[in-house]
Amino acid sequence: MVRVTVGVEAHTHDFISTAHEDQKFGLSLANGNALEAVRRIVKLPSLNFLGLHSHIGSQIFDAKGFEVAAERIVSLAKRIWDDLDVEVTHLNLGGGMGIAYMPDDDPLDIPVMAALIGDIVAKECANAGIALPSLAFEPGRAIIGPAGITLYEVGTVKQVELDEGGSRSYISVDGGMSDNIRTALYDAEYSVALASRESVAAKQLSRVVGKHCESGDIVVRDAMLPGDIVASDLLAVAATGAYCRSMASNYNHLPKPAVVSVREGKATVVLRRESMDDLLRLDPGAS
Ligand SMILES: Cc1ncc(COP(=O)(O)O)c(C=O)c1O
């Protein structure tokens, strides 16, 4: 598969937008690099050219970007057929379908979107007079994101007075940017709730922060949480199934947390919690 930069501005954060020209991913459609790559591949007996791939970005709520990508990639498939007499048998339009992190997030309806893009590809191929390729998608976040919840134990809680008036509660937890880098990396937003008990205390502006020695170590930047949260309470952060454990690190030598699957009341450890021995296993002097 040849990955193509289709020149689409996906309406999402710059760091998760991957198909405009001025970034590192893919071979450019605009400057002819993608066509040239196919030309070279088909000349090589050791390679078998299958098709084209694009991935316009992540956490996208608007199907328009996928429609434009589909149109542009089919136009390249036609060019490959016309210029090189080579059939594109596979089109892969990547992933990027957004999920709800916040109550107002309105994800795309995936079956509706898949049908829409299928129709566009079929129509464009018919107009271009090329055979219909098989169509694939790679929806990572949409599959696994909503399935994950991170549970944190509260450590210290402090109040700060804000310059603009009012106050904010800083609630520190036993994890942070090592198990969820998304807030620090690109200002991701999350919903968080008190999970270990019910509280009728008035809600107050809160920030959930991690235990790393960085001011930017923020898990949830702004949340309204009950004002009586104390050490050892549990907080649940929703929709952390994608791009959290898979991007976890040992920042500050913090061990990674366990991953537990829960189904019909039965909990199973999928990944055990890291131990101090795990952290020291590469150090020959430590045993
Ligand atoms: C090539 C490719 N396909 C699919 C995905 C999955 O994207 P998402 O999780 O936004 O659906 C990614 C994510 O980086 C990717 O790089």
Side-chain angles (χ1 to χ4, degrees), residues 1-29 33-34 37-38 41 49-74 76-77 88-102 104-118 120-121 133-150 177 179-191 237-249 259:
M1 300 289 276
V2 171
R3 170 128 176 211
V4 178
T5 306
V6 284
V8 173
E9 296 282 344
H11 296 289
T12 187
H13 192 285
D14 266 5
F15 287 8
I16 49 176
S17 182
T18 55
H20 50 296
E21 280 294 308
D22 189 9
Q23 49 79 39
K24 69 174 183 169
F25 294 109
L27 291 161
S28 174
L29 250 182
N33 277 354
V38 179
I41 288 170
F49 173 71
L50 280 182
L52 303 172
H53 175 267
S54 79
H55 172 70
I56 60 173
S58 204
Q59 190 55 5
I60 297 165
F61 290 117
D62 177 3
K64 191 72 202 156
F66 293 105
E67 293 173 27
V68 176
E71 287 162 10
R72 294 199 179 150
I73 211 160
V74 171
L76 177 60
V88 171
T89 56
H90 294 67
L91 277 192
N92 184 327
L93 292 175
M97 298 75 190
I99 62 166
Y101 286 99
M102 304 299 286
D104 289 344
D105 288 341
D106 186 17
L108 293 162
D109 183 321
I110 290 191
V112 171
M113 196 202 68
L116 183 84
I117 295 177
I120 290 172
V121 170
S134 75
L135 190 56
F137 292 94
E138 304 167 325
R141 186 193 311 266
I143 292 174
I144 196 66
I149 291 172
T150 306
M177 58 192 281
D179 60 78
N180 186 347
I181 189 70
R182 294 186 67 251
T183 310
L185 196 59
Y186 38 68
D187 288 332
E189 291 185 304
Y190 283 97
S191 307
V237 177
T240 56
Y243 304 113
C244 289
R245 186 54 169 76
S246 59
M247 306 203 301
S249 70
V259 178

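Numbering starts at 1 and runs along the sequence shown. Counting convention: from 1, in listed order, for ligands and their atoms alike.
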Task: Validation row: Gln23, Thr5 side chains within 4.5 angstrom (heavy atoms) - done: yes

Task: Residue pair Ala70 / Ile117: nearest heavy atoms and the distance that separates them - done: CB-CG2, 4.1 Å

- [ ] Determine the minimum heavy-atom distance between Val88 and Pro133, stating which atoms define it.
- [x] O-CB, 3.4 Å

Open item on the list: Once side chain to side chain donor-acceptor pair (under 3.5 Å) is applied, do any residues pair with Tyr243, and if so which ones, sequence neighbours excluded?
Closed with: none

Open item on the list: For Glu138, give me all partners under side chain to side chain donor-acceptor pair (under 3.5 Å), at least two apart in sequence or on another chain.
Closed with: His53, Asn92

For ligand 1, output the ligand-protein N/O contacts shorter than 3.5 angstrom; if there are none, return none.
unit_1, atom_1, unit_2, atom_2, d
ligand 1, 3 (N), Glu138, OE1, 2.5
ligand 1, 7 (O), Tyr243, OH, 3.3
ligand 1, 9 (O), Arg141, N, 2.7
ligand 1, 9 (O), Tyr243, OH, 2.5
ligand 1, 10 (O), Ser58, OG, 2.2
ligand 1, 10 (O), Gly96, N, 3.3
ligand 1, 11 (O), Gly96, N, 2.8
ligand 1, 11 (O), Gly140, N, 2.9

Let me check something: any side-chain donor-acceptor pairs from residues 106-113 under 3.5 Å, sequence neighbours excluded? List them with distances.
unit_1, atom_1, unit_2, atom_2, d
Asp109, OD1, Val112, N, 3.4

